[in-house]
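For reference, the structure discussed in these notes is given below.
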2 protein chains.
Amino acid sequence: MFTLDQLAGFVAVAEELHFGKAAERLNMTQPPLSRQIQKLEKSIGTELLERDNRKVQLTPAGTAFLDEAKRLLALANRAPITARRIATGRSGVLRVGFTAASGFSILGPLLEEIASILPEVDIDLQELVTGEQIQGLLTGELDLGLARPPFDGQVFDSHLLYRESMVLAVPAGHPLTDLTRPVEDEDLRDEALIMHSPTQAAYFYDLVIRMHTIQHGNVLHSVSQILTMVSLVAARRGVAFVPHSATLLAIKGVEFLPLAGRSSEDPVELHAIWNRKVANPALRRLLQDLEFRTE
Amino acid sequence: MFTLDQLAGFVAVAEELHFGKAAERLNMTQPPLSRQIQKLEKSIGTELLERDNRKVQLTPAGTAFLDEAKRLLALANRAPITARRIATGRSGVLRVGFTAASGFSILGPLLEEIASILPEVDIDLQELVTGEQIQGLLTGELDLGLARPPFDGQVFDSHLLYRESMVLAVPAGHPLTDLTRPVEDEDLRDEALIMHSPTQAAYFYDLVIRMHTIQHGNVLHSVSQILTMVSLVAARRGVAFVPHSATLLAIKGVEFLPLAGRSSEDPVELHAIWNRKVANPALRRLLQDLEFRTE
DNA sequence: TCGGGTGATACTCGGAAGGCATCATGTTCA
DNA sequence: TGAACATGATGCCTTCCGAGTATCACCCGA
């Protein structure tokens, strides 16, 4: 049987793809690390890494094993924490990731609901973008995420929490506020636009691109946080597409206008997502009580 | 950090509720087991077992930890097995590229055969032209291609899957359908011809150029997809040389006529090709079982 | 009070793991 | 083309961990 140290060694090498750097990261020298990996491979019964004298690569088996090793280590890290929590009278921890935007609206009520179902469970909250949440759910550092599509249905199960419309954030007193009808794309032809980052906020970026005709010359900034966008609007730098829940932000000098077209059909989705391999007993109980489907 | 042996020790004691019997089950003596548990508790930071000199009981923290420990051990047992399965090719992913034309005919049966040889291997299919397949095989993004010559025999190994003839696709009711003999090049002197793209479908283009005398003034379109060609024929835009397997396309308003000369000698080849440096164990197993030659 | 049962402790020894020095091999650049 | 460099593997030494044996400490019942 292998040891957890060997797993940690393997993960380090698999991530660095370099024995020396991995050894450094593990605060040890390279030779014992080499031997660790050799022993691990021997006890597994198959090669995990392919090393010619120039570079290190994962074999297919190694790729799969890396996944399992990470999960194992995450579980091994979490188990003692859970035990200690229980020993001190609480019954566990639920680590929840959420996107900033979900914090404006659903997070509060959801937490209250969780607290009523699992009164003795500590809830550990982290604001993370969807990509980071998915990473966390994979490694077991997170139990539940409040995130936006897309995510891999093979690995994650999910539950649609709610849908909302997009609205347009404009500075107070802006000419568009005089309109008595929803804002059309045409109206924005000459407006400076504060856009979402296509990498950091891909979901919103894609949504807006899909539903609206954007004059690219008008785009001023690419930002990843809704709050930042609204702040920039308040600073009269331009207008911005934001989810309806952003109207709950009481920021002075910003008004929110309805949009015409498909943006009014609640296209913005927020999902609760979790790893299908639910490891945390508190989460399992929560999903049952909330009647989210699980398997 | 604790060790997996300590976990196994803890699980044994937790299930037996007796150090001596647990030690026996683990093929060891009782004293080291006691110390194992002590160390485990120390590294966890909390008591897991309550022992007075008469009996052993789980603490609440111990109960929760037992759950996690079992899960951990199960995972630790399974991970090497999974890795070995992948290494021996019994499990994993096989990425297969295929040309659209091969999809009409051989792809279905081939997939069935692969599925029967490698029932637990996921097959990832991508429709790609030969050039893209070769690229994918080089970068390792593809394991197996169903493609047409030419390709570099230094780098790729291949196996001829089948040969077929070229036929002529003509609109229904076209005068040529009245012929009782194969179509000669002469017959096409005044026909509008839908040709293959010399860049995107070089294989077919070269084949036709080599085997037939084409009146270049007659060429109407250069397209890369067999399906597109047949559709254009159906739209009565002209006639087209297509591989025999295209007759399997049930497109209305198209008839297929035999060709005279070398085109009737099955000149169209479809090969399975793969990188000589087979990296994917699933592929290695497949090639062996299909008795494709490898080195 | 004594004997049986049970978990903890003391001591010893073998093996495993880490560090240092060095090797083997492949790459790069003058 | 050859010398310096980079990188993973090996040999050797030392340390430390863990298992075994023997024994202790404690509780219980007769």
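Here is how names work: the chains are called A, B, and so on, in the same order as the sequence lines, proteins then strands, and each is numbered from 1. The structure displayed is predicted, hence computed values, not measured ones.
Ring geometry for B:His196 versus B:Phe204: interplanar angle under 30°, hence parallel rather than tilted (30 to 60°).
Which of D:dG20, C:dG18, D:dA9 sits closest to the side chain of A:Ser34 comes down to D:dA9. Each of D:dA22, D:dG20, D:dA9 was ranked by its minimum atom distance to the side chain of B:Pro31; first place goes to D:dA22. Distance from the side chain of A:Pro32 is smallest to C:dG18 among C:dG18, C:dG7, D:dT10. The side chain of B:Val56 lies closest to C:dG7 when the candidates are D:dT21, C:dA8, C:dG7.
With respect to B:Arg25 and B:Glu15, a salt bridge is recorded, a charged nitrogen being found less than 4.0 Å from a carboxylate O.
If you take NZ of B:Lys42 and C1' of C:dA8, they are 15 Å apart, rounded to a whole angstrom. Protein atom CZ of B:Phe19 is 17 Å distant from nucleotide atom P of D:dC26, rounded to whole Å. At whole-Å resolution of the value, CZ in B:Arg51 and C1' in D:dC28 are 20 Å apart. Per the geometry, CD1 belonging to A:Ile37 stands 11 Å off P belonging to D:dG8, to the nearest Å. Counting to the nearest Å, the P atom of D:dC26 and the NZ atom of B:Lys55 are 18 Å from each other. The interatomic distance linking B:His18 (NE2) with C:dG7 (C1') rounds to 9 Å, in whole Å. Counting to the nearest Å, the P atom of D:dG18 and the CG atom of B:Leu26 are 15 Å from each other. For the pair A:Asp52 CG and D:dA9 P, the interatomic distance rounds to 11 Å; values are reported in whole Å.
Using a 4.0 Å cut-off, some side-chain N or O of A:Gln38 falls inside it from OP1 or OP2 of D:dT10. Side-chain N/O atoms of A:Thr29 include one lying less than 4.0 angstrom from OP1 or OP2 on C:dG19. Distances shown here put a side-chain N or O of A:Gln36 below 4.0 Å from the OP1 or OP2 atom of C:dG18.
Taking all atoms of both residues into account, the shortest heavy-atom contact from A:Gln133 to A:Ala147 is OE1-CB, 3.7 Å. For the residue pair B:Leu142 and B:Leu137, the shortest heavy atom distance occurs at O-CD2, 3.4 Å.
Residue order along DNA chain C, read from the 5' end via each residue's closest nucleotide, puts B:Lys21 first among B:Lys21 and A:Asp5. In this structure, A:Gln30 and B:Gln30 both approach DNA chain D, and ranking their closest nucleotides by distance from the 5' end singles out A:Gln30. A residue-by-residue look at B:Gly20 and B:Arg35 shows that B:Gly20 has its nearest nucleotide of DNA chain C further toward the 5' end.
Between the side chains of B:Ser34 and B:Gln30, at least one donor N or O sits under 3.5 Å from an acceptor N or O.
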